[in-house]
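Here the structure is laid out as structure tokens; the discussion comes afterwards.
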Amino acid sequence: MAAGLGMLKLSVLLSLLSNLNLGLWQESSKDLTLFPPTCNRIECPSFDTIYVGNGFEIRRYNSSVWTSTSPIQDISLVEATRTGFLRLFDYIQGKNSYDQKIEMTAPVIAEVLPSDGPFCESTFTVSFYVPKVNQANPPPAKGLHVQRWKGTYVAVRQFSGFVTDSNVGAEAAALQASLAGTAWAAAIEKSHGGDSTSVYTVAQYNSPFEFDDRVNEIWLLFDMEDECAL
């Protein structure tokens, strides 16, 4: 009975994810500045807000552990995230070396290394935040690897609605524009080897079943040698 219910939920989830890729859900353009409501129900990585600017904020995330897919080649963020999420869903359902079930967390993030052209495949790495109870010894699994973050600075832009292939590029560009001319932009550019647009991350906090209070974020990760200099 439990197995049948699990398969039904997964079937509905796949259907919803497929609908998202077809653009059947309309996203809102309203900007947000809030703590994701999902994080009141499930565990999220902890951070301190360092600075709030016009259209962005700077956070300092505490050390954290993530389980990540190997790089996925695709022309679609939505499809790549779907592929990676299904691997991670199997992982937290117990398909790992310890046969251990793991609690769901948020956000699920997708690191994006954009392609050089509009019809070329980009590279995506999809990651799941490991709950604190599992961080000392995350279960290994074939095709997945563990990333251990030290304290990490992140420039963040929030947006609502459902993530689509068309809106993430616009949101990433808006984050870049809001950071332009700031000391934060210089720190990001230095961390990214002089090309601050080369890699960005899309963070999604909601399941496809949730239609209200959806929160998504664009992240630019960077190192900060001297915060007091800003």
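Nothing here was measured: the structure is a model prediction, and the numbers come from that model.
- Using modelled atom types, no side-chain atom of H192 and backbone atom of A187 make a donor-acceptor pair closer than 3.5 Å.
- Cation-pi geometry between R59 and F47 is met: the NZ or CZ atom falls under 6.0 Å from the ring centre, inside 45° of the normal.
- One N or O on the side chain of S97 and one on the backbone of P140 form a donor-acceptor pair closer than 3.5 Å.
- The side-chain contact (heavy atoms from CB on, under 4.5 Å) search around T81 returns L77, A110, Q204, not counting sequence neighbours.
- Within the model, atoms CG of L113 and OG1 of T125 stand 8.5 Å from one another, a figure rounded to the nearest 0.5 Å.
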Exercise. Can you check side-chain contact (heavy atoms from CB on, under 4.5 Å) on V112 and T201, steps first, answer last?
Worked result: CA-CA 6 Å; V112 183; T201 296; over 6 Å; no
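- S127 and L88 get closest at one heavy-atom pair: C-CD1, 3.8 Å.
- When each of R87, E111, Q147 is tested with S68 by the rule side-chain hydrogen bond (donor to acceptor under 3.5 Å, both in side chains), just one qualifies, namely Q147.
- In this structure, the side chain of T38 does not engage the main chain of P36 through any donor-acceptor pair within 3.5 Å.
- For the pair D48 (side chain) and Y61 (backbone), a donor-acceptor distance under 3.5 Å is absent.
- N54 and S178 share no donor-acceptor pair across their side chains, judged by distance under 3.5 Å alone.
- S191 places a side-chain N or O within donor-acceptor distance of the main-chain N or O of D223, the cut-off being under 3.5 Å.
- Panel note: side chain S160, backbone R214; no donor-acceptor pair is recorded below 3.5 Å.
- A203 and I109 make their closest contact through CB-CG2, 3.7 Å (heavy atoms, listed as atom of the first residue, atom of the second, distance).
- Atom CD of residue Q158 and atom CH2 of residue W219 lie 11.0 Å apart, to the nearest 0.5 angstrom.
- Contact record, N96 with Q100: ND2-O, 2.8 Å, taken as the closest heavy-atom pair.
- Between N206 and V215, the shortest heavy-atom distance links the atoms OD1-N, 2.9 Å.
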Exercise. side-chain contact (heavy atoms from CB on, under 4.5 Å) between V146 and V65: does it pass, once the steps are laid out?
Worked result: CA-CA 7 Å; V146 173; V65 179; 3.6 Å; yes
For this session: Go through the steps for I92 and E103 under the test side-chain contact (heavy atoms from CB on, under 4.5 Å), then give the verdict.
Result: CA-CA 7 Å; I92 67 174; E103 290 294 327; over 6 Å; no
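- With hydrogens and angles disregarded, a donor-acceptor distance shorter than 3.5 Å links the side chain of D165 to the backbone of V78.
- No hydrogens or angles considered: a donor-acceptor pair under 3.5 Å links the side chains of Y98 and N137.
- Between the CG atom in L220 and the CD atom in E189 there is a gap of 12.0 Å [rounded to 0.5 Å].
- Counted by atom type alone, Q135 and Y129 present one or more donor-acceptor pairs between their side chains at under 3.5 Å.
- Checking Y200 against Q176 by side-chain atom types alone, no donor-acceptor pair falls below 3.5 Å.
- Atom CZ of F128 and atom CE of M104 lie 6.0 Å apart (nearest 0.5 Å).
- Considering CE of M224 and OH of Y153, their distance stands at 6.5 Å, rounded to 0.5 Å.
- In this structure, the side chain of T49 does not engage the main chain of Y51 through any donor-acceptor pair within 3.5 Å.
- In terms of heavy-atom proximity, F162 sits nearest to E210 at CZ-O, 3.7 Å.
- Here N216 contributes atom CG and N167 contributes atom CG; the two are 7.5 Å apart, rounded to the nearest 0.5 Å.
- Taking both residues in full, the closest heavy atoms of S46 and K132 are given as OG-NZ, 4.5 Å, listed atom of the first, atom of the second, then distance.
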